[in-house]
2 protein chains.
Amino acid sequence: MESSQTLKPGMAKESIADLLRRHEINPTHQRVEIAQVLFERCEHLSADQIISHVNARFAETSKATVYNTLKLFLEKKLIRELIIDPNKVVYDPNTTPHHHFYDVATGRLTDIPADNIRIGTLPALPPGTVSDGVDIIIRTRPAA
Amino acid sequence: MESSQTLKPGMAKESIADLLRRHEINPTHQRVEIAQVLFERCEHLSADQIISHVNARFAETSKATVYNTLKLFLEKKLIRELIIDPNKVVYDPNTTPHHHFYDVATGRLTDIPADNIRIGTLPALPPGTVSDGVDIIIRTRPAA
DNA sequence: CCGCGAATTTAGACACTGTCTAACCCTCAC
DNA sequence: GTGAGGGTTAGACAGTGTCTAAATTCGCGG
Ligand SMILES: [Mn+2]
Ligand SMILES: [Mn+2]
Ligand SMILES: [Zn+2]
Ligand SMILES: [Zn+2]
């Protein structure tokens, strides 16, 4: 299982295309552009920000395609979805297990490597269900 | 510090009014109705569901008032806000420390008492910030 | 080269949640 | 009664995301 976190910021378009292919995603021009925006910055971006970045030089990708593509990337587990801000979903190119600080004043999101948090005993899951992952969000605010 | 979890489902209107007063909330008719919906059921309800319940017998409270009131309840720390479903915020009348199971298939939310989860070492917070709380969401899906 | 079906992209209409405004209502003090 | 202030309201509005139907592009066999 290849992992996206091996990507370097300067990764070439060809590598991006390969990454998509390894995740069973047909690397169209638009999909490569969107993946590039996500993996070059390696930040937590909203759909809106992605649309802006992709179309910064000149309009080349529609809103519908960006939403379609993000959903596809999610299905193929190339990226993660974070539901933290009530107004917008943000997408996380880092699919390794990790958690987040969320500054309630600024909205800023910061990664926390999974090894920095140790969870003791997980409680018994509701009957008939299995775990699909654990999300931990530590809300922070400016000191004093 | 009085706590809302001492409320019983059958709690009378008068008690609800007292609860609001203890939280420095002027108990108007609409606010009592909304609090009753929240604390009688003690479930996680969306604004939409609250509007429906409050106006089930006959229309008596506007959308604007429900949103205004929920925001007021939040400020006064009478309820909590949960950002888990991308489509709607849900409100939690249980303000004691606890976490949640989230069934990704059904959208169902279930409480996890805080003592059922032990967090080891918290990572160092970003400089200049203090913790404002920790939210843990265990996503689950139907087994097999 | 064609030609054709499937996959992809697109503009714009649409749905949904939540916010805002400006008028209105209600109570209470004077 | 009057005025002030808090509370409520309808409905317009905004932001985010979805859907549809048409257009474009792609892959591929002939
Ligand atoms: Mn480009
Ligand atoms: Mn009523
Ligand atoms: Zn992250
Ligand atoms: Zn809860």
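A note on names: the letters A, B, ... follow the listed sequences, proteins ahead of strands, and every chain is numbered from 1. Quick caveat, the model's predicted, so the values are computed rather than measured.
- The CD atom of B:Glu24 sits 18 Å away from the C1' atom of D:dG7 (whole-angstrom rounding).
- For the pair B:Gln30 and D:dT9, the criterion of a side-chain N or O lying under 4.0 Å from OP1 or OP2 is met.
- Checking D:dT16, C:dG18, D:dT9 against the side-chain heavy atoms of B:Lys88 singles out C:dG18 as nearest.
- For the pair A:Asp48 CG and D:dG15 P, the interatomic distance rounds to 9 Å; values are reported in whole Å.
- We find that CG of A:Asn87 is positioned 14 Å from P of C:dT17, with the value rounded to whole Å.
- The shortest distance between the side-chain N/O atoms of A:Tyr67 and the OP1/OP2 oxygens of D:dT18 is not below 4.0 Å.
- Between B:Thr129 and A:Asp103 there is a side-chain heavy-atom pair separated by less than 4.5 Å.
- Following rounding to the nearest Å, B:Asn68 (CG) and C:dT21 (P) show an atom-to-atom distance of 12 Å.
- Checked against D:dG7, C:dT17, C:dT9, the side chain of B:Thr28 finds its nearest nucleotide in D:dG7.
- Checking C:dT8, D:dT16, D:dT9 against every side-chain atom of B:Ala64, the shortest atom distance belongs to D:dT9.
- To the nearest angstrom, C1' of D:dG17 lies 17 Å from CG of A:Leu72.
- Counting atom types as modelled, B:Lys63 pairs no side-chain N or O with a base atom of D:dG11 as donor and acceptor under 3.5 Å.
- Residue A:Lys71 places its side chain closer to D:dT18 than to any other of D:dT18, C:dT9, C:dT10.
- The phosphate of D:dG7 (OP1 or OP2) has a side-chain N or O of B:Asn26 nearer than 4.0 angstrom.
- Straight-line distance from the CD1 atom of A:Ile50 to the C1' atom of D:dG15: 16 Å, rounded to whole Å.
- Other residues, nucleotides and ligands contribute more than 12 heavy atoms inside 6.0 Å of the CZ atom of B:Arg41.
- Within the nucleic acid shown, B:Thr61 comes within 4.0 Å of sugar-phosphate atoms alone, with no base atom in reach, counting heavy atoms only.
- When the C1' atom of C:dT8 is taken as reference, atom CD of A:Glu60 falls 15 Å away, rounded to whole Å.
- Relative orientation of the B:His100 and B:His44 rings is perpendicular, given thresholds of 30° and 60° on the angle between their planes.
- One side chain, A:Asn94 or A:Thr96, offers a donor N or O that lies under 3.5 Å from an acceptor on the other.
- Residue contacts shown for B:Thr65 include a base, since a base heavy atom lies under 4.0 Å away.
- Between the side chain of B:Arg139 and the backbone N or O of A:Asp132, at least one donor-acceptor pair lies under 3.5 Å.
- Here the side chain of A:Thr69 is nearest to one of C:dT9, D:dT8, C:dT17, namely C:dT9.
- Among the nucleotides D:dG17, C:dT10, D:dT8, the one closest to the side chain of B:Arg31 is D:dT8.
- In this structure, the CZ atom of A:Arg21 is 15 Å from the C1' atom of D:dG27, given to the nearest Å.
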